[in-house]
There are 2 protein chains.
Amino acid sequence: MSHTVGELAALAGVTVRTLHHYDRIGLLTPSGRTSAGYRVYELSDVDRLQQVLVYRGLGFGLEEIGSLLDDPDVDAGEHLRRQHQLLLEQRDRTDRMVAAVEKEMEALDMGTPMTPQEKLEVFGDWLPEEYADEAEQRWGDTTEWSQSQARTAAYSKQDWLDIKAETDDLERRLAAALAEGAPADGERAMDLAEEHRQHISRRFYDCSHELHACLGRMYTDDERFTAYYEGIAPGLAAYLSTACQANAARHAA
Amino acid sequence: MSHTVGELAALAGVTVRTLHHYDRIGLLTPSGRTSAGYRVYELSDVDRLQQVLVYRGLGFGLEEIGSLLDDPDVDAGEHLRRQHQLLLEQRDRTDRMVAAVEKEMEALDMGTPMTPQEKLEVFGDWLPEEYADEAEQRWGDTTEWSQSQARTAAYSKQDWLDIKAETDDLERRLAAALAEGAPADGERAMDLAEEHRQHISRRFYDCSHELHACLGRMYTDDERFTAYYEGIAPGLAAYLSTACQANAARHAA
DNA sequence: CTTGACCCTGACGCGACGTCAGGCACTTCC
DNA sequence: GGAAGTGCCTGACGTCGCGTCAGGGTCAAG
């Protein structure tokens, strides 16, 4: 039932050095030592190592793993549920990357060009987590935000793919309008802006014309939104921004 | 069409420092510089960054990624196919971990104990890659090896799960025989060894009694096999080893 | 009682960045 | 047109998770 370092290392597929390291930083201290000072790992240590390895595989830092596992309010079952959830999320990310690579293979075969945005957004986790924190800070107390949260929570993977397809299509048509010289405050651009507004209303939250105009300003004011739209076509950020505001003005009139 | 570092970083979801780093090590050198020395990234640079990020996400080192991408014999389509394959493998690994966590959740609920082996083998990639290299070096020119390669290549995920279930079951019964004091060269142990041999023959390669006896010796001689079986129950490696050889002797008689 | 495999504890090295520090470039707003 | 704010530049040192010796004790087998 008890193991030496070498045995445990072989069992777990890690090196002896790794176990030494975990011992020194206090992440996994063997239950006992022999009289000669040899580390002795018991079953409970194997359990803990397994937890460590799952969290490590999910990208957690060793220190963070330590505080997670040492939290007395969280039992083994809770950890398993967490890990299960995180693993499913990781699989979804991999799926999205697979889809992106497939899409690009297809684009390469067909000769259809892709925007830098399409190529890279796979990695950006473009709405979730990181960005979500900030979004909540800025808009956390608005009804629109909570509405968006409520709806998107229920969206399936397929829903997200659909939304992305709609978005891509709309952005392509906007870029085309821009390329063909349609004025940003002209009818064609305003119609596209209106479509944009309705897309948001359907998928995320009720987006009034006023709010939409405000969104438009953000596309030129917030660098990341600017980078996003400029990544699709140069000048698109300002173009869409103007179109949104012109469309709002048209509606107010 | 061209981007500054900050823009590209925002697009790709990495930091400016990362792009600086990639520039210095020559992994991603921007196509141009402004007169003031600002980095200018063109579309081709965005493409390359995407490739870099996919490979990086798959766990490759930056230097290796560089030589992969700079190989003139490999074009973009080939990279995409490689990445696609690797991503699918990564998803399978995640799936196996999900299955393992689910199994453990179930075990926790039901109160069924698991062996250290069952808990940890998920991470070991126990047959593939790393170990496969060495296996090939040792047995690469045997017909059994090529037979095994041919069969396992066609196995689906479900096949592997079935195989694993069979293996688990057999090992459990072996451990029980050991625990109940059945002699390693007695009939019960030999029958289990015979079952083990037939399992190998069905699933991997034609395993003669002679070869099986040889396998048995390896269970005590090769540390990793020893660690594997000792992880299930102490003394099991030697027990199975003896049983294999006794079974072979019985058959020869 | 030697040999060989395994264990110990430092201690330095490394890959992939994070994080200042000090300074130039470019727009914007008064 | 100058001051402020933001972004970019190049060192240079810090960090995290180990890999890799170096020097030396331990232990079962022959």
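Order of the sequence lines fixes the chain letters, A, B, ..., with proteins taken first and strands second; residue numbering starts at 1 for each chain.
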Is the distance from OP1 or OP2 of D/dG19 to the nearest side-chain N or O of A/Thr15 less than 4.0 Å?
-> yes

Please report, rounded to the nearest Å, how far the P atom of D/dG17 is from the CZ atom of A/Phe60.
-> 13 Å

C/dC17 C1' sits how many Å from B/Leu27 CG, rounded?
-> 13 Å

Can you list the residues that meet the side-chain contact (heavy atoms from CB on, under 4.5 Å) rule with A/Arg33, with sequence neighbours excluded?
-> A/Asp23, A/Arg39

Without swapping roles, check the side chain of A/Asp45 against the backbone of A/Glu42 for a donor-acceptor pair under 3.5 Å.
-> yes

A/His21 NE2 to D/dG17 C1': how many Å, rounded?
-> 5 Å

With sequence neighbours left out, write down each residue that passes side-chain contact (heavy atoms from CB on, under 4.5 Å) with B/Ala249, or none if nothing qualifies.
-> none

When the rotation axes relating C1' atoms of four end pairs to the next four are compared across the helix from C/dC1-D/dG30 to C/dC30-D/dG1, five pairs an end, they differ to 10° by 10°

Determine, for nucleotides 8-15 of chain D in 5'-to-3' order, which nucleotides have protein heavy atoms under 4.0 Å from the base (write B), from only the sugar-phosphate (write S), or from neither (write -).
-> SSB-B---

Residues 32-54 of chain A vs ring-ring contact (aromatic ring centres under 6.0 Å, His included), sequence neighbours excluded, gives none

Would you mind reading off the distance between A/Leu19 atom CG and C/dC8 atom P, rounded to a whole angstrom?
-> 9 Å

Pairwise ring-ring contact (aromatic ring centres under 6.0 Å, His included) hits with a residue in residues 62-90 of chain B, at least two apart = B/Tyr55-B/His79

Go through the steps for A/Leu27 and A/Ile65 under the test side-chain contact (heavy atoms from CB on, under 4.5 Å), then give the verdict.
-> CA-CA 8 Å; A/Leu27 178 58; A/Ile65 294 175; 4.1 Å; yes

Could you check whether A/Thr34 gets within reach of a base, just the sugar-phosphate, or nothing at all, counting any heavy atom under 4.0 Å?
-> nothing

Here the salt bridge (charged side-chain N to carboxylate O under 4.0 Å, His left out) pairs for residues 233-249 of chain B, sequence neighbours left out, are none

Would you list the pairs meeting salt bridge (charged side-chain N to carboxylate O under 4.0 Å, His left out) in which at least one residue belongs to residues 49-70 of chain A, sequence neighbours left out?
-> A/Arg48-A/Asp70

Rounding to a whole Å, what distance do you find between B/Tyr22:OH and C/dA16:P?
-> 8 Å

In chain order, what residues pass the side-chain contact (heavy atoms from CB on, under 4.5 Å) check against B/Ser35, with sequence neighbours excluded?
-> none

Tell me: CD1 of A/Ile25 to C1' of C/dT9, nearest whole Å?
-> 17 Å

Would you mind reading off the distance between A/Ile65 atom CD1 and D/dG17 atom C1', rounded to a whole angstrom?
-> 11 Å

